[in-house]
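Owing to the predicted nature of the structure, the values given are computational and were not obtained by experimental measurement. Scope of the values below: all heavy atoms of this structure, side chains included, with no hydrogens, waters or symmetry mates.
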2 protein chains.
Amino acid sequence: MQGYDKYAYEPFAVTVDLAVFTIREGRLHVLLVERGEQPYAGRRALPGGFVQPDEAAETAARRELAEETGLADVAGLHLEQLRTYSEPDRDPRMRVVSVAFTALVPDAPEAQAGSDAAKADWLPYGEHRPAYAPLAFDHDRILADAHERVGAKLEYTGLATAFCPPEFTLGELRQVYQAVWGAELDPANFRRKVLATPGLVEAVPGAARLTGGRGKPAAVYRAGGASALHPPLLRPEGRS
Amino acid sequence: MQGYDKYAYEPFAVTVDLAVFTIREGRLHVLLVERGEQPYAGRRALPGGFVQPDEAAETAARRELAEETGLADVAGLHLEQLRTYSEPDRDPRMRVVSVAFTALVPDAPEAQAGSDAAKADWLPYGEHRPAYAPLAFDHDRILADAHERVGAKLEYTGLATAFCPPEFTLGELRQVYQAVWGAELDPANFRRKVLATPGLVEAVPGAARLTGGRGKPAAVYRAGGASALHPPLLRPEGRS
DNA sequence: CTCTTTAATGGTCGTGACGACTATAAAGAG
DNA sequence: CTCTTTATAGTCGTCACGACCATTAAAGAG
């Protein structure tokens, strides 16, 4: 940060890339666009775009998120910086430094075509070889990093509620954990742990709802105000 | 990442800032330089500099780390990207996007003056109002974010060994946790937890060393190969 | 209607991690 | 020698957690 006049500095292009996750039918989905131009024309890529001269990276990310998803209340969505990717050769055309973000969307409306007319839609996130791989640029790595980050944050923050609508059942919340971790969780034990963790959820009095159409109606909860969980909800077997 | 020809993009200057920590006499210290130029002349700041056209941000960070600390074996030091700070007004002169890194140094030799002749030395990290605050730019926030990150990573990774020399005693390792967390830990319980965590440390057979000059000589350990800890070593009371 | 299926909810039990605490061992200071 | 300091070993009660079982309340099939 010091020595401006002693170092020569080169200008960089700065972009944002977004790994936007949602839960659909109990499975984790990610928002991907289809590139229409070279390089990587026709390949899938994470949505994103250039940071404008007067905005912070997070502002740019939220603007792009609104453009790509068509969601109205982008202000309340969970958006978190993942990390910055700056390898000199990550874009064959020019020097591009990209700040990657992870976004969590509760209910997923159909994706909008972005302002650059690229096709955008939700595709299931798969552990093995997903049908859309490999993505353009280094987006496979960014997506994998984002998934790992989300999985880890579910353990020690109340982030899972960001995948849910304002009111939800414990079964829906459990499906979030199962979809992200790719593991089965015992409903009874999950319930005990969630209710024993202060600030994770709070009950909505007198409300009940049917989740899958079948089965006993479940009680309805709201997200609690806690950010850090004590104790954390650890994954069944280490990593995913 | 798409739509290069539809969006106008502005060039940004890209820098790295480093929050370099070490343990001295059982207390956490941070490496700070003194600015010699406007703005913030005479104020303390985190070491850092511009990213060169042909290097990644991490490469630039490691180069700056070598220049500022004078350490020879920078290759083996722990260096981790923290996050990127991109608020438009964070530098009054121009638009600067800074990728912040956290570095952990085991034994702390005296700091070198950087190549731009700025004074650099180790100052104790204080929870209250440190004597060097406020730092230049948004470095107070970066430093606080870095400290929180390091404290959190001690819980679920074997990162604490990065503060220690290649061979260390459990008392020295415990001092790392105490210095970063600002909390007292019971020696016996700490020993039981560390030894029960596979891959954290491994014993050096037949070696013993006196730590503080007094007391029974302690057994010597090396860092284990584990990155993630199972179970994690949680902080005594939530956050610090 | 009755029976089956499904999911929520409530409970038990054994294991293991952890904090508080006590005791012992090995060094230096006086 | 005694006292202090630090490492090391062990005990004990509490609590979190996983595996498991039982009950309840709804939908759907017949």
Side-chain angles (χ1 to χ4, degrees), chain A residues 25-26 154-156 164 167-179 181 183-201 203-221 228-238, chain B residues 25-26 154-156 164 167-179 181 183-221 226 228-238:
Chain A
E25 300 153 11
L154 287 198
E155 291 191 331
Y156 54 92
C164 296
E167 297 195 339
F168 53 86
T169 69
L170 293 188
E172 292 167 347
L173 186 66
R174 182 168 47 88
Q175 282 206 344
V176 171
Y177 282 90
Q178 293 182 158
W181 289 348
E184 291 275 316
L185 298 177
D186 182 85
N189 291 336
F190 179 81
R191 172 188 184 82
R192 170 160 45 91
K193 282 176 72 169
V194 168
L195 296 183
T197 303
L200 216 195
V201 299
V204 176
R209 181 155 44 101
L210 279 72
T211 60
R214 281 186 286 274
K216 178 177 175 178
V220 177
Y221 294 85
L229 299 188
H230 293 282
L233 277 87
L234 296 179
R235 279 178 272 199
E237 274 309 306
Chain B
E25 299 153 11
L154 287 198
E155 292 190 333
Y156 54 92
C164 295
E167 297 196 338
F168 52 87
T169 69
L170 292 189
E172 292 167 348
L173 186 64
R174 183 168 47 87
Q175 282 206 343
V176 171
Y177 281 89
Q178 292 181 158
W181 289 347
E184 290 275 316
L185 298 177
D186 182 85
N189 291 336
F190 178 81
R191 173 189 183 81
R192 169 159 46 92
K193 284 176 71 171
V194 168
L195 295 184
T197 303
L200 217 193
V201 299
E202 55 184 35
V204 176
R209 180 153 45 98
L210 278 72
T211 61
R214 279 186 288 275
K216 177 178 174 178
V220 177
Y221 295 84
L229 300 188
H230 292 280
L233 277 87
L234 296 179
R235 280 178 271 199
E237 275 308 304

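- Summarising the geometry, the separation between CG on B:Leu185 and P on C:dC21 is reported as 15 Å, rounded to the nearest angstrom.
- For the side chain to side chain contact (heavy atoms under 4.5 Å, CB included) test, residues two or more places apart in sequence or in another chain that qualify with A:Glu167 are A:Val204, A:Val220, A:Arg222.
- The two residues A:Pro232 and B:Leu234 have their closest heavy-atom pair at CD-CD1, 4.4 Å.
- Legend: residues meeting salt bridge (charged side-chain N to carboxylate O under 4.0 Å, His left out) with A:Arg214, ordered by chain and number and at least two apart, are absent.
- Scanning all heavy atoms of the two residues, the minimum distance from B:Pro217 to B:Ala208 falls at CB-CB, 4.3 Å.
- Among A:Leu195, A:Val194, A:Leu173, the one residue that satisfies the side-chain contact (heavy atoms from CB on, under 4.5 Å) test with A:Tyr221 is A:Leu195.
- Overall bending of the helix from C:dC1-D:dG30 to C:dG30-D:dC1, expressed as the angle between end axes built from five pairs apiece, is 0° (10° steps).
- Here the shortest heavy-atom pairing between B:Arg209 and B:Phe168 reads NH2-CA, 3.5 Å.
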Residues 184-191 of chain B side chain polar contacts: donor-acceptor under 3.5 Å, at least two apart:
{"from": "B:Asp186", "atom 1": "OD2", "to": "B:Ala188", "atom 2": "N", "distance (Å)": "3.1"}
{"from": "B:Asp186", "atom 1": "OD2", "to": "B:Asn189", "atom 2": "N", "distance (Å)": "2.9"}
{"from": "B:Asn189", "atom 1": "OD1", "to": "B:Arg192", "atom 2": "NH2", "distance (Å)": "2.9"}

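- Regarding B:Arg209, its CZ atom lies at a distance of 12 Å from the P atom of D:dT8, rounded to whole Å.
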In the 5'-to-3' direction, what one-character label does each nucleotide of nucleotides 5-20 of chain C receive under the scheme B = base within less than 4.0 Å of a protein heavy atom, S = sugar-phosphate only, - = no such atom? -BBBBBB------BBB
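- Partners of B:Gln178 according to the side-chain hydrogen bond (donor to acceptor under 3.5 Å, both in side chains) rule, which considers only residues two or more places apart in sequence or in another chain, are B:Arg174.
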